[in-house]
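The structure presented is a predicted model; accordingly, all values stated were derived computationally and were not measured. Atoms within a ligand are numbered from 1 in the order they appear, just like the ligands themselves.
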Amino acid sequence: MGRGTRGACRATGVARNANIAKLQAGYLFPEIAKRRNAHQEANPDARVISLGIGDTTEPIPAVITDAMAGAAKGLNTLEGYSGYGAEQGKPDLRAGLCEAFYKGVMEPDEIFVSDGSKCDISRLQMMLGPGRSVAVQDPSYPAYVDSSVITGQTGEFDEASGQFDDIVYMTCRPENNFFPDLANTPRTDIIFFCNPNNPTGACATREQLQELVDFALKNGSIVVYDAAYAIFIEDDVPLTIFDIPGAKDCCIETCSFSKYAGFTGVRLGWTVVPKQLKFADGSPVIADFNRIMTTCFNGASNVAQAGGLACVKPGGMEGMMSLVNYYKDNCKLIRQTFVDMGFEVHGGTNAPYVWVGFDGRASWDVFAEILEKCDLVTTPGSGFGPGGEGFVRVSAFGHREDVEEACQRLQKIYGGK
Ligand code: PLP
């Protein structure tokens, strides 16, 4: 018997994590990749364009890569070498983040630098422990639900509703202007709230954010506020939840350089935990998050942090804004294309995502049709939760010429709608 065969036949005595077994077929994006690959195999000459996953495509501004290159080169010298850093992040970066995004609102030692928001969301779940009740916007970024399932915050998946038991899905659709009906939302321990929202592109107003904070304060809940797209905000609304009175008593904010500076591969983000935020027993949340960061994380890469520090300085800020404006111009093209064709179009101004309604048709069917007829990858809205059914998300992250061509292909197929 060959080694491979023997390995394939024998199971260990280790029980599978029952929470992981509850998860559905797969994370949304691997499923999309599978379908894209199948399409490419069946149509080898097609030039498939992806406005799907939402990964950044444009180079990082030189002022930022120069700082990273300098830091990397410095590692080759005695003076420039550094090993483990503080698990919470370099003090100058924490101070720089505070100055750039939370001036006069938060303190540098309330900011924890990390390898990204997705990782922090899971570390927050680990800190909270199993058995916490959770609410999410529906539709929402899949990591909130999936990390809740893995941590043990939920029951089983219910095929009929497309929802996990014991999660409160706060419907966000055009009918309610993409803001949950909080008056009819039950209390949960944790509320995940992404603003501007991925995938709908909707952005809550100051009054709505105040309503959210007041709701959390009334219920003794903690809001995990995901500000990954705050830099795209155009409207006169707060860029951080901590601008809202009361937020320091009920909110944690997570943010990231991924979409700000094209750091999806570099990996750098941060999470802000106010010192005054307390658990039911009166203990400070920040102490437990610090414990998690020092136990499960060993500090963000020193090279990445050098890049982050360049980002929050004046030249880096300009560089980030020029990247953001590039994607915003893409967004305008995509938005206008669908508007001109008479579709129901949402988002695309305060966020790099355009949310397009297809007359109630099933999202996966529309996704498949656009892939088949336009060689274009989008994201089916229902992949973000049942509330996304009937919509597809079109991402503005792409090279300009690809976005232009994608718009032309869409016009050709759907222009006569
Ligand atoms: N939060 C939201 C809403 C996102 O859309 C994404 C990435 O697409 C993330 C977090 C992940 O950020 P990071 O790359 O910092 O892990």
For the residue pair [X] and [Y], confirm or rule out a side-chain donor-acceptor distance under 3.5 Å.
| X | Y | answer |
| --- | --- | --- |
| Thr240 | Asp243 | no |
| Glu369 | Tyr414 | yes |
| Ser122 | Ser147 | no |
| Glu107 | Tyr102 | no |
| Gln276 | Asp249 | yes |
| Thr294 | Glu87 | no |

Where ligand 1 meets [X] - atom numbers and elements under 4.0 angstrom, heavy-atom basis:
| X | result |
| --- | --- |
| Lys259 | 7 (C), 8 (O) |
| Ser258 | 13 (P), 14 (O), 15 (O) |
| Gly116 | 15 (O), 16 (O) |
| Ser256 | 13 (P), 15 (O) |

Counting non-hydrogen protein atoms only, what is the nearest one to [atom]? Give residue, atom name and distance.
| atom | value |
| --- | --- |
| atom 11 (C) of ligand 1 | Tyr141 OH, 3.3 Å |
| atom 12 (O) of ligand 1 | Ser117 CB, 3.7 Å |
| atom 3 (C) of ligand 1 | Asp226 OD2, 3.3 Å |

Non-hydrogen atom of [X] closer than 4.0 Å to ligand 1:
| X | value |
| --- | --- |
| Tyr229 | yes |
| Tyr144 | yes |
| Thr264 | no |
| Cys194 | yes |

Inset, instruction - Look only at the side chain of Asp402 and the backbone of Gly398, and say whether a donor-acceptor pair between them is shorter than 3.5 Å. - result: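 No: the side chain of Asp402 does not pair with the backbone of Gly398.
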
Inset, instruction - For ligand 1, indicate whether the residue Phe257 contacts it via side chain, backbone, both or neither (heavy-atom separation under 4.0 Å). - result: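 It is neither; nothing of Phe257 touches ligand 1.
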
Legend entry - Salt-bridge contact Arg123-Asp115 (side-chain N to carboxylate O under 4.0 Å):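 Salt bridge: yes.
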
Legend entry - Residue of the set Val14, Asn19, Ile20 for which side chain to side chain contact (heavy atoms under 4.5 Å, CB included) holds with Arg16: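 Only match with Arg16 under side chain to side chain contact (heavy atoms under 4.5 Å, CB included): Ile20.
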
Legend entry - Contact (N/O only, under 3.5 Å) between Arg267 and ligand 1: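 Looking only at distances, the answer is yes, because the N/O contact criterion of under 3.5 Å is met.
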
